[in-house]
There are 2 protein chains.
Amino acid sequence: MVTMEDVARLAGVSKMTVSNVVNNRDGVGDLVRQRVLEAIRQSGYRVNVSARTLRSGRTGVIGLAVPDIELPYFGHLAAHVIEAAGRQGFHVAIEQTGAAAAGEADAIAHSRTLHFDGLILSAVELDRLDEHPAEAGYPLVMLGEQDFGGRFDHVAMPNEEGTKAATTHLADRGCRRIAIVTGRASDDVNMVTRRHYGYLAALAERGIGVDPALVFSLDDASMEAGREAACRLVDSGHEIDGVVAVTDTVALGVLRGLADRGLRVPEDVRLIGFDDIPESGFTVPSLSTVAPDHRWMAERAVELVAQRIRAPLRPTAQYVAPFELVIRESTR
Amino acid sequence: MVTMEDVARLAGVSKMTVSNVVNNRDGVGDLVRQRVLEAIRQSGYRVNVSARTLRSGRTGVIGLAVPDIELPYFGHLAAHVIEAAGRQGFHVAIEQTGAAAAGEADAIAHSRTLHFDGLILSAVELDRLDEHPAEAGYPLVMLGEQDFGGRFDHVAMPNEEGTKAATTHLADRGCRRIAIVTGRASDDVNMVTRRHYGYLAALAERGIGVDPALVFSLDDASMEAGREAACRLVDSGHEIDGVVAVTDTVALGVLRGLADRGLRVPEDVRLIGFDDIPESGFTVPSLSTVAPDHRWMAERAVELVAQRIRAPLRPTAQYVAPFELVIRESTR
DNA sequence: TTGTATGCGTTATCAC
DNA sequence: GTGATAACGCATACAA
C-alpha cells in the first residue's frame with residue numbers, strides 16, 4: 001500500500017506537506033504543490049480512510065435504515081438519500097430492519113458500532129426510543145413514518161393530510177361506501193393511525209357515516225396482503241364503491257384482488273393509494289395516489305443529519321413533506 | 001468515546017486482555033473474562049472499527065455497485081446480497097453507477113479509495129475493463145449482465161437460455177408473429193445481445209421466420225420506454241401475437257402500452273418478461289416471466305468475493321444462474 | 001494467563 | 001511555507 005510517507009519521499013517533502021496538499025489546505029507553495037500532486041499521480045496513492053477516521057473521529061458515512069430495500073417505496077427513497085448525501089460529501093450504508101422494533105434498535109446500535117457519523121432511520125415499529133437512552137446525543141434523524149413528539153429531528157410524511165385528501169377525492173367522485181385497507185393500529189402515533197384519522201376526518205367532513213365493516217387491517221403492507229384483503233372485502237358481501245389503500249404497494253395488491261373477483265376499476269370500485277411509486281403510473285388501470293415529495297424528504301433528512309453532526313446540541317426540527325394528489329384512471 | 005483503555009481500567013486488567021475478550025480469543029481466565037464483559041456492558045464500550053481496520057488492513061465492507069437501486073430488479077438483488085454478506089460477516093455499501101461505463105469505472109476506483117475489501121459490480125455498460133489495469137488484483141466479482149470471457153469471477157444470468165425458453169413458450173402457445181422489445185445492441189457480449197440470440201435461436205428451432213419489423217430497440221430498460229415501444233409497435237400496423245420483453249420492468253411498460261392501444265393480453269397478444277420481480281405476480285393480467293434464482297446469484301457472488309479476498313490469486317470462476325419459466329395469465 | 005512495547009497511516013500542534 | 005513529533009485505538013510479538 002502506498003502511504004503519504006512514500007509520496008513525501010518521492011516528492012522530496014515531509015508527509016505533513018503531502019497531507020496539506022491532499023486536504024486542499026493553504027500554506028503550501030505552488031511549486032511544492034505541483035511536485036506533490038505529480039508524485040501522487042505517479043504512485044497511485046489513495047488516502048487511507050481508516051487512518052484519517054481514527055485521527056479525525058469521523059467516517060464520512062451516514063447510515064440509512066429502512067424496513068426492506070426490496071419494497072419499491074424504500075428503494076425509491078434510498079436512491080434520493082444516496083444522491084442528496086453525495087452532494088453533501090457523505091456516503092450511505094444501507095441497513096435493513098425487517099420492519100421490527102428489534103431490527104430498528106439494532107440498526108442504531110450497529111450504526112454506532114460502525115462509527116457512522118449519523119443515522120437516518122425510517123422507523124415503522126420503534127415507538128419507544130426512550131428505552132434506548134444510551135443512544136442519546138447520537139445524530140439520528142427519523143424519516144417518514146413515526147412521530148416522536150419533537151424529541152428527534154424528523155421528516156414526516158403528510159399522513160393525515162394526504163389520506164384525508166385522498167378520501168375526500170373519492171367522496172367527491174360520488175363514492176359513499178368507502179373502505180380503507182390499512183395496517184395494524186398498534187398505538188396512536190404511528191403512520192397507520194395517522195392515515196386512519198385522515199380517512200375518518202374526510203368522511204365526517206362529507207357527512208358519510210363510518211361502517212366498521214369497511215375497515216380492513218393488514219398484518220404487513222405487502223402486495224400479497226393487499227390482494228387478500230380485497231378478496232375478503234368483496235367476499236364479505238358488503239357493498240363497496242371506493243377503496244383507500246394505506247400504500248401504493250398495498251394498492252397494487254388490492255387492484256389485483258379486485259380483478260380476481262371480477263370487479264372493474266374504476267367502474268365498480270374506485271381505488272386510491274399513497275406514495276406514488278413509479279409502478280403506479282403503469283398499472284392497468286393506472287393508480288391515483290397521494291404523492292409526497294420524496295426528493296424533498298431525502299434532502300431535508302440529509303440536511304438535518306449533516307447539521308446535527310456539526311451542532312449536536314441544536315434544538316430538534318420537524319418537517320412535514322408537501323404532497324399532491326395525482327389523479328389517474330383508478331378514480332376517473 | 002470509551003476505549004479499551006477505559007474498559008481495562010474499570011475491570012482492573014490491561015487493555016490487551018480486553019482485546020482478547022472482545023475478539024473471543026482464548027487464554028483468558030473465566031473470572032477475568034466475566035469482569036471484562038461486565039465492564040464493557042457498564043461502560044457501553046464499542047470497538048473502534050477504524051482502529052482495528054488500520055491495524056488489520058481490512059474494513060469488513062464490500063461494495064455493491066448497481067445501475068440504479070430504484071429499479072425493482074436491483075432493489076431485489078441488493079436485498080439478497082446484503083443478507084448473504086451479513087451471513088459471511090460483511091457489510092455492504094451500495095453505489096449507483098447510473099448505467100454508464102464512466103459510473104462503473106468510478107465505482108471501482110471509489111471502492112478502492114474507501115478501502116472496501118472487495119466489490120460486486122453489476123455492470124451493464126463497462127465492456128472494456130482491460131482499460132483499467134490499475135485495478136488488477138482487486139477482489140472484483142461481476143454480477144448479472146456482461147460477460148468478460150473468464151477474466152473475472154462472474155455470476156451470469158441465463159440470458160440466452162432463458163430468452164430462448166421464453167420465446168419457445170410463446171411459439172408453443174401458438175404465436176407466430178413474435179416481437180422482441182430489447183435494448184441497444186452495443187456489442188456482442190452484453191445482456192441485450194445474449195437475450196436477442198436466445199430469441200433468434202428459438203424462432204429458428206420452431207421454424208418461424210425473423211421479421212426485422214418485429215425487433216424493437218430501447219434506449220433504456222425502463223417502464224416508460226416499454227410503454228412507448230408497445231405503442232409504436234402497434235401503431236406501425238404490423239401484425240403481432242406475442243411479445244418477448246427484455247426485462248419485467250420493460251414488460252410492465254409494454255403491458256400498459258398495449259392497454260393504451262386497446263389490445264387485450266393474452267387474448268390478442270401474449271407477453272412474457274425476464275427477471276420475475278415481485279410486481280409481476282400482481283399485474284392485471286399477471287405476467288409470465290423467466291425467473292432466475294436471485295438468491296442463488298447473490299449467494300454465489302458474495303461467496304466469490306469472500307474467497308478472492310482470502311485467496312487473491314485463485315483462478316477465476318464463472319457461474320450461470322439456474323432459472324425456471326413462471327407461467328402466469330399473460331401467456332395463458 | 002497477563003502485561004509491555006511498538007506500529008498501522010493520518011492529522012494537530014507547534015517549532016523552525 | 002515547511003517539517004518534526006505526538007497522538008488517535010487497536011492488535012501483533014514477545015516478555016514476564
Side-chain angles (χ1 to χ4, degrees), chain A residues 1-40 42-61 89 91 111-117 309-310, chain B residues 1-40 43-61 89 91 111-117 309:
Chain A
M1 172 183 278
V2 186
T3 74
M4 277 193 176
E5 191 85 53
D6 302 322
V7 177
R9 217 186 347 264
L10 197 60
V13 298
S14 85
K15 62 178 178 176
M16 203 49 235
T17 302
V18 177
S19 175
N20 286 332
V21 171
V22 167
N23 293 291
N24 258 318
R25 282 188 277 258
D26 40 36
V28 181
D30 265 358
L31 207 89
V32 177
R33 164 166 270 122
Q34 288 312 317
R35 271 222 313 280
V36 171
L37 287 174
E38 176 59 18
I40 288 176
Q42 272 187 28
S43 60
Y45 166 79
R46 300 169 195 269
V47 292
N48 183 322
V49 177
S50 300
R52 166 181 287 173
T53 297
L54 179 58
R55 204 35 240 205
S56 69
R58 295 216 176 141
T59 56
V61 176
H91 287 103
S111 166
R112 303 202 68 173
T113 303
L114 289 176
H115 293 253
F116 296 158
D117 290 344
I309 288 166
R310 283 194 296 271
Chain B
M1 172 182 279
V2 186
T3 76
M4 277 194 174
E5 191 85 51
D6 301 320
V7 176
R9 221 189 340 269
L10 195 61
V13 299
S14 86
K15 65 175 180 177
M16 207 43 239
T17 302
V18 177
S19 174
N20 286 329
V21 171
V22 167
N23 294 292
N24 258 317
R25 283 187 278 259
D26 39 37
V28 182
D30 265 358
L31 206 89
V32 176
R33 164 167 271 122
Q34 288 312 317
R35 272 221 314 281
V36 171
L37 288 174
E38 176 59 18
I40 288 177
S43 60
Y45 166 78
R46 301 169 195 272
V47 293
N48 182 323
V49 177
S50 301
R52 168 183 285 171
T53 296
L54 181 56
R55 196 64 191 119
S56 70
R58 296 216 175 140
T59 57
V61 176
H91 288 102
S111 167
R112 302 202 69 171
T113 303
L114 289 175
H115 292 254
F116 295 158
D117 291 344
I309 288 166

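Letters A, B, ... are given to chains in the order of the sequence lines, protein chains preceding strands, and every chain is numbered from 1.
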Taking every non-hydrogen atom, the tightest pair across Ala51(A) and Leu54(B):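 In this case the closest contact between Ala51(A) and Leu54(B) is CB-CD1, 3.7 Å.
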Nearest non-hydrogen partners of Val22(A) and Arg52(A), listed with the distance: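 Result for this residue pair: CG1-NH2, 3.9 Å.
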If I take atom [atom1] from residue [X] and atom [atom2] from residue [Y], how far apart are they, to the nearest 0.5 angstrom?
X: Met4(B); Y: Ile40(B); atom1: CE; atom2: CD1; answer: 7.5 Å
X: Ser14(B); Y: Glu5(B); atom1: OG; atom2: CD; answer: 9.0 Å
X: Arg25(B); Y: Ser19(B); atom1: CZ; atom2: OG; answer: 4.5 Å
X: Ile309(B); Y: Asp117(B); atom1: CD1; atom2: CG; answer: 5.0 Å

With a 4.5 Å heavy-atom cut-off, do [X] and [Y] have their side chains touching?
X: Ser43(B); Y: Val2(B); answer: yes
X: Thr17(A); Y: Arg35(A); answer: no
X: Tyr45(B); Y: Leu10(B); answer: no
X: Thr3(A); Y: Asn48(A); answer: no

Selection from dG9(C), dC10(D), dG3(C) that lies nearest to any side-chain heavy atom of Val13(B):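 Nearest listed nucleotide: dG3(C).
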Roughly how many Å is it from [atom1] in [X] to [atom2] in [N], rounded to a whole number?
X: Met16(A); N: dA15(C); atom1: CE; atom2: P; result: 16 Å
X: Asn48(B); N: dG9(C); atom1: CG; atom2: P; result: 16 Å
X: Leu54(B); N: dG9(D); atom1: CG; atom2: C1'; result: 9 Å
X: Lys15(B); N: dG9(D); atom1: NZ; atom2: P; result: 9 Å
X: Arg46(A); N: dC8(C); atom1: CZ; atom2: P; result: 21 Å

Under 4.0 Å between a side-chain N/O of [X] and OP1 or OP2 of [N], yes or no?
X: Thr17(A); N: dG3(D); answer: yes
X: Ser14(A); N: dG3(D); answer: yes
X: Arg52(B); N: dA11(D); answer: yes

Those residues of residues 28-38 of chain B lying under 4.0 Å from DNA chain D by at least one heavy atom: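 Of all residues in residues 28-38 of chain B, none places a heavy atom under 4.0 Å from DNA chain D.
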Flag for Glu38(A)-Gln42(A): side-chain donor and acceptor within less than 3.5 Å: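 Yes, because at least one side-chain N or O of Gln42(A) sits under 3.5 Å from a partner of the opposite role on Glu38(A).
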Touch class at under 4.0 angstrom, heavy-atom based, for Arg55(B) against every strand present: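 Base contact.
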Sugar-phosphate, base or nothing in reach of Met4(B), heavy atoms under 4.0 Å: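 Touches sugar-phosphate only.
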Axial bend angle, the helix from dT1(C)-dA16(D) to dC16(C)-dG1(D): five-pair end segments, nearest 10°: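 The helix from dT1(C)-dA16(D) to dC16(C)-dG1(D) shows an end-to-end axis angle of 40°.
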Residues touching DNA chain C, which here means a heavy atom under 4.0 Å, drawn from residues 19-26 of chain A: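 Ser19(A), Asn23(A), Arg25(A) - these, ordered by number, are the residues of the stretch whose heavy atoms sit under 4.0 Å from the strand.
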